[in-house]
Visitor: 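Provided herewith is a single structure, encoded as structure tokens, for subsequent inquiry.
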Amino acid sequence: MARVVVVGGGISGLVAALELAEGGAEVIVVEASPDIGGKLRLGRVGGRKVDLGADAFVARSPVVNALCDRLGLASRIVEPACRRARLVSKGRLVDLPEGLVFGVPTDPAALESNPLLSAAAVRRVAEAAESTWPPTTRDVSVGEFWRPILGDEVVATLLAPFVGGVLAGDVDRLSFQCTMPYIWEAATRGLHLRNLQPGRAPADGPAHDRPADSTEDRSGSPFKSISPGMGALVDALAERLVGAGVRVVVGSPVRAVRSLDRFDRRWRIDTPLGHIDADGLVLATPAPASAALLERIHPEVAGQIGELEYVSVAVVVSLHDERQVRTDLGYSGFLVDPREGRLVTACSFGSSKWPHWADRGRVVLRTSVGRVDDDRHTAMADDELASAVLGELAELAVTEGRPLEWHVVRWPRALPQYPPGHAERAREWSEELRTGPPLRLCGAALGGVGVPACIQTGLSAARSLMEELRSSR
């Protein structure tokens with residue numbers, strides 16, 4: 001039986017560990033923090049379990065559904081109770097138009113009565129919707145791809161708030177391929193805006209994201225979750241890993257990894273609890289940690305991985321008496337136009353959005369702060385940050401008075417900012433790392449911050465590593 005060490009206990013590492021263990025390997029997961037799960041974390045707010053990190057997944061990829069089937073969670077997948085959202089523009093909340101896909105307008109008719117765009121911008125979208133754009137072959141920034149198609153106004157008004165609020169990024173610096181992978185895949189074959197609408201497009205996810213016997217989930221909302229929260233995936237994985245005989249070690253940061261000698265294709269992993277020898281190694285760690293571990297064995301790759309920029313974000317989770325809420329709760333929440341200069345980047349009306357969080361008379365809000373070039377929140381104490389966030393919510397006529405309770409959850413260096421061409425560079429890293437003892441990378445650093453992308457990297461790393469281990473015996 002081959003022994004494999006997985007460094008990192010986030011969703012990517014846990015999925016890789018399960019795939020390896022059920023494929024016949026002896027697996028040890030080593031996690032630096034006191035808990036596994038990474039950015040999937042449940043906490044209690046008002047006595048209910050609530051996500052403190054990621055609260056949804058993109059439904060267009062089947063990998064989460066497949067994992068839920070595998071873990072017995074399929075019956076707990078839920079859709080949002082409401083799908084409408086708003087945008088803070090010029091100091092007020094305005095309805096976002098229907099038909100947006102990752103911020104991209106796909107239904108020109110939905111823009112005509114919406115006050116966010118000028119008549120000229122609406123005409124520009126209508127003209128673009130009647131065209132089929134030639135296949136793209138080169139990854140560029142989100143802004144560089146969309147400006148020739150949609151115009152500056154649409155990019156600034158619709159795409160920038162999505163990129164800033166969801167990914168904490170800048171449309172002119174983030175890779176189109178990594179930020180909008182499904183649209184990118186469609187664009188490589190020739191893009192038609194109307195075909196991006198749910199239910200109309202052909203399956204446009206990368207082929208490796210779709211098992212051969214599966215079809216893309218295009219029903220209902222583009223986002224889904226798991227009751228009582230995405231953190232349920234971690235709990236189910238932990239239970240399954242125990243059953244598969246996986247050893248999980250937490251609170252144990254790996255100090256170094258090295259090959260035993262130049263001829264023996266095995267690894268030695270140094271931890272505070274001693275060293276572990278292994279036949280294979282999976283690094284499911286953020287780019288800075290991966291770069292530090294690879295510095296001695298693959299210095300060139302380590303240097304490139306270490307250049308990946310990350311943004312720190314925080315979430316203020318607050319519980320309010322319904323009588324203190326001044327806004328219409330028939331929305332999933334709102335994004336904030338970056339041109340507003342506000343601390344808040346987005347707010348999710350959690351108890352309206354997710355039926356399993358609903359609590360009569362009480363409202364759960366999840367308010368996000370932090371984006372590229374705006375790290376003001378990192379210099380604030382928790383009470384100062386909560387006060388500033390609640391002040392902005394009051395200014396926008398969302399809430400008034402003090403909440404029943406609040407929690408500040410900080411995610412330092414949480415969201416990678418992929419530059420154009422990052423996906424190709426990540427593939428090159430993976431190829432270069434195959435020149436030594438069996439080693440694979442997985443996780444958000446490879447090019448996808450969403451839960452499906454992270455799961456897929458864990459599956460791909462595990463399957464590829466097992467294939468190499470079997471062929472070498």
Visitor: With side chain to side chain contact (heavy atoms under 4.5 Å, CB included) as the criterion, how do V451 and K39 come out once you've worked through the C-alpha distance, each side chain's angles and the decisive distance to 0.1 Å?
Guide: CA-CA 10 Å; V451 174; K39 298 173 187 65; over 6 Å; no
Visitor: Between I28 and V6, is any pair of side-chain heavy atoms under 4.5 Å apart?
Guide: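 The answer is no, as the side chains (C-beta and beyond) never meet within the 4.5 Å cut-off.
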Visitor: Rounded to the nearest 0.5 Å, what's the gap from CD on Q456 to CG on L446? Could you check?
Guide: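 It is 11.5 Å, given to the nearest 0.5 Å.
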Visitor: Quick check: closest heavy atoms across V29 and G8, and the distance to 0.1 Å?
Guide: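 It is CG1-O, 4.0 Å.
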Visitor: Between A2 and L469, what is the shortest heavy-atom contact and its length?
Guide: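 Minimum heavy-atom contact is CB-CD1, 4.0 Å.
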Visitor: For salt bridge (charged side-chain N to carboxylate O under 4.0 Å, His left out), just list the numbers for R362 and E322, CA-CA rounded to whole Å, side-chain angles, deciding distance to a tenth of an Å, and then say yes or no.
Guide: CA-CA 5 Å; R362 299 198 294 182; E322 191 174 43; over 6 Å; no
Visitor: Measuring from E19:CD to S460:OG, what's the distance to the nearest 0.5 Å?
Guide: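 Atom-to-atom, E19:CD and S460:OG are 9.5 Å apart.
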Visitor: If you take all heavy atoms of L18 and L237, which pair is closest and at what distance?
Guide: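 Minimum heavy-atom separation between L18 and L237: CD2-CD2, 3.8 Å.
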Visitor: Between V88 and R342, is any pair of side-chain heavy atoms under 4.5 Å apart?
Guide: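 Of all side-chain heavy-atom pairs linking R342 with V88, at least one is under 4.5 Å.
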Visitor: Can you label the angle between the F102 ring and the F223 ring as parallel, tilted or perpendicular, going by 30° and 60°?
Guide: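 Perpendicular: the ring planes of F102 and F223 meet at over 60°.
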Visitor: Pair up each side-chain donor or acceptor in residues 280-294 with any protein partner under 3.5 Å, not counting sequence neighbours, and list the distances.
Guide:
from, atom 1, to, atom 2, distance (Å)
T285, OG1, S290, OG, 2.6
S290, OG, T285, O, 3.2
S290, OG, P286, O, 3.4

Visitor: Can you check whether T345 reaches S368 side chain to side chain, under 4.5 Å on heavy atoms?
Guide: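 Sidechains of S368 and T345: in contact.
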Visitor: Do the side chain of Q417 and the main chain of L415 share a donor and acceptor less than 3.5 angstrom apart?
Guide: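 Yes; at least one donor-acceptor contact below 3.5 Å.
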Visitor: Is the side chain of T136 donor-acceptor paired with the backbone N or O of A187 at a distance under 3.5 Å, no angle test?
Guide: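 Judged by distance alone, no pair lies under 3.5 Å.
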Visitor: Hey, is CD on E239 packed in by over 12 heavy atoms from elsewhere, all under 6.0 Å?
Guide: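 Not more than 12 within 6.0 Å, no.
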Visitor: To the nearest 0.5 Å, what is the distance between CG (D337) and CG (L87)?
Guide: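 That separation rounds to 5.5 Å.
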Visitor: Taking 4.0 angstrom as the limit, do K353 and E79 come out as a salt bridge?
Guide: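 Not counted as a salt bridge, because no side-chain N and carboxylate O are separated by less than 4.0 Å.
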Visitor: Taking the side chain as C-beta and beyond, is there a heavy-atom pair between I36 and V248 under 4.5 Å?
Guide: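 A side-chain contact under 4.5 Å exists here.
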Visitor: Between S225 (side chain only) and D55 (backbone N and O only), is there a donor and an acceptor less than 3.5 Å apart?
Guide: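 Looks like yes, one N/O pair under 3.5 Å.
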Visitor: Regarding S33 and E31, do their side chains bring together a donor and an acceptor under 3.5 Å, going by distance alone?
Guide: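 Indeed, the side chains of S33 and E31 share at least one donor-acceptor pair under 3.5 Å.
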Visitor: Check the pair H356 / K49 against side chain to side chain contact (heavy atoms under 4.5 Å, CB included), numbers first and verdict last.
Guide: CA-CA 9 Å; H356 50 283; K49 288 184 177 181; over 6 Å; no
Visitor: To the nearest 0.5 Å, how far apart are CG in L73 and CZ in R70?
Guide: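 Between L73 CG and R70 CZ, I get 12.5 Å after rounding to 0.5 Å.
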Visitor: Do V27 and R247 have side chains that approach each other closer than 4.5 Å (heavy atoms only, starting at C-beta)?
Guide: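 No, their side chains stay 4.5 Å or more apart.
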Visitor: Can you see which heavy atom on P420 is nearest to which on S141, and at what distance?
Guide: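 Taking every non-hydrogen atom into account, CG-N, 3.6 Å.
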Visitor: Working note: R371 + D170, criterion salt bridge (charged side-chain N to carboxylate O under 4.0 Å, His left out); need CA distance, chi angles, decisive distance, verdict.
Guide: CA-CA 8 Å; R371 60 160 59 98; D170 181 340; over 6 Å; no
Visitor: Specify whether F176 and F145 have parallel, tilted or perpendicular ring planes, treating 30° as the upper limit for parallel and 60° as the lower limit for perpendicular.
Guide: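 Judged by the thresholds at 30° and 60°, the geometry between F176 and F145 is parallel.
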Visitor: State plainly whether the residues D270 and R258 are in salt-bridge range, i.e. N to O under 4.0 Å.
Guide: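 Here D270 pairs with R258 in a salt bridge, since their nearest N and O are under 4.0 Å apart.
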Visitor: Of the options V63, L40, N65, which is the one that meets F57 in a side-chain contact (heavy atoms from CB on, under 4.5 Å)?
Guide: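 Only one option passes, and that is N65.
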Visitor: Look only at the side chain of S387 and the backbone of D383, and say whether a donor-acceptor pair between them is shorter than 3.5 Å.
Guide: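 Checked: no pair found.
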Visitor: Check for a donor-acceptor pair, side chain of R413 on one end and backbone N or O of V311 on the other, with a separation under 3.5 Å.
Guide: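 No, the answer is negative, given that no donor and acceptor are paired below the 3.5 Å cut-off.
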Visitor: Under the side chain to side chain contact (heavy atoms under 4.5 Å, CB included) criterion, do L404 and H320 qualify, and how do the steps go?
Guide: CA-CA 5 Å; L404 301 174; H320 303 259; 5.8 Å; no
Visitor: Using only heavy-atom distances, determine whether the side chains of D277 and W267 contain a donor-acceptor pair under 3.5 Å.
Guide: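 Result is no, nothing qualifies.
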Visitor: Indicate the atoms forming the closest heavy-atom contact of D139 with Q177, along with that distance.
Guide: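 Closest approach of D139 to Q177, heavy atoms only: OD1-N, 3.0 Å.
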Visitor: Do R240 and E22 pass the salt bridge (charged side-chain N to carboxylate O under 4.0 Å, His left out) test, and can you show the C-alpha distance, the side-chain angles, and the key distance before you say yes or no?
Guide: CA-CA 10 Å; R240 186 68 167 264; E22 294 190 345; 2.8 Å; yes
Visitor: Is there a side-chain contact between L390 and P403 (heavy atoms, below 4.5 Å)?
Guide: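 A side-chain contact exists here, since the closest heavy-atom pair is under 4.5 Å.
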Visitor: Could you tell me how the ring of W354 sits relative to the ring of W357: parallel (under 30°), tilted (30 to 60°) or perpendicular (over 60°)?
Guide: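 Judged by the thresholds at 30° and 60°, the geometry between W354 and W357 is perpendicular.
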Visitor: Given 3.5 Å as the limit, does a donor-acceptor pair link the side chain of T399 with the main chain of L393, or not?
Guide: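 Answer holds: no.
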Visitor: What's the shortest heavy-atom distance between L465 and L439, and which atoms?
Guide: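 Smallest heavy-atom distance, with atoms named: CD1-N, 4.0 Å.
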Visitor: Is the distance between the ring centroids of H422 and W429 under 6.0 Å?
Guide: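 Yes; W429 has its ring centre under 6.0 Å from that of H422.
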Visitor: Quick test of your reading of the model: are E309 and R173 salt-bridged, counting only N-O distances below 4.0 Å?
Guide: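 R173 and E309: salt-bridged.
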Visitor: Can you measure from CD1 (I269) to CZ (R266) and round to the nearest 0.5 angstrom?
Guide: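 I269 CD1 to R266 CZ: 9.0 Å, rounded to 0.5 Å.
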Visitor: For A32, is there any backbone N or O sitting under 3.5 Å from a side-chain donor or acceptor partner on S252?
Guide: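 No, the answer is negative, given that no donor and acceptor are paired below the 3.5 Å cut-off.
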Visitor: Are V315 and T367 side-chain neighbours, meaning at least one heavy-atom pair lies under 4.5 Å?
Guide: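 No; the side chains remain at least 4.5 Å from each other.
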Visitor: Between R3 and D279 (salt bridge meaning N to carboxylate O under 4.0 Å), is one present in this structure?
Guide: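 The answer is no: the pair does not qualify as a salt bridge.
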Visitor: Between E424 and R427, is the closest basic N to carboxylate O distance under 4.0 Å?
Guide: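 The answer is yes: the pair qualifies as a salt bridge.
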Visitor: More than 12 foreign heavy atoms under 6.0 Å from CD of E467: is that the case here?
Guide: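 No, not enclosed.
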Visitor: Between S12 and C454, is there a donor-acceptor pair closer than 3.5 Å when you use the side chain of the first and the backbone of the second?
Guide: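 Judged by distance alone, yes, a pair lies under 3.5 Å.
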Visitor: Walk me through it: do R376 and E384 pass the test salt bridge (charged side-chain N to carboxylate O under 4.0 Å, His left out)?
Guide: CA-CA 11 Å; R376 287 175 288 172; E384 182 185 6; over 6 Å; no
Visitor: Sub-3.5 Å donor-acceptor pair from the side chain of E432 to the main-chain atoms of V301, do we have one?
Guide: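 No, the answer is negative, given that no donor and acceptor are paired below the 3.5 Å cut-off.
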Visitor: Any luck finding a side-chain donor-acceptor pair between S351 and D359 under 3.5 Å?
Guide: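 No donor-acceptor contact under 3.5 Å links the two side chains.
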Visitor: Could you go through the side chain to side chain contact (heavy atoms under 4.5 Å, CB included) check for V369 and D374 one step at a time?
Guide: CA-CA 9 Å; V369 300; D374 183 7; over 6 Å; no
Visitor: Are V58 and Y182 close enough that some pair of their side-chain heavy atoms sits under 4.5 Å apart?
Guide: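 They are in side-chain contact.
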Visitor: Examine the side chains of S464 and E468 and answer whether a donor and an acceptor come within less than 3.5 Å of each other.
Guide: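 Not at all, the side chains of S464 and E468 share no donor-acceptor pair under 3.5 Å.
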Visitor: Spell out, as yes or no, whether a donor-acceptor pair under 3.5 Å connects the side chain of R265 to the backbone of G436.
Guide: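 Answer holds: yes.
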Visitor: To the nearest 0.5 Å, what is the distance between OG on S312 and CZ on R410?
Guide: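 Interatomic distance, S312 OG to R410 CZ, rounded to 0.5 Å: 10.0 Å.
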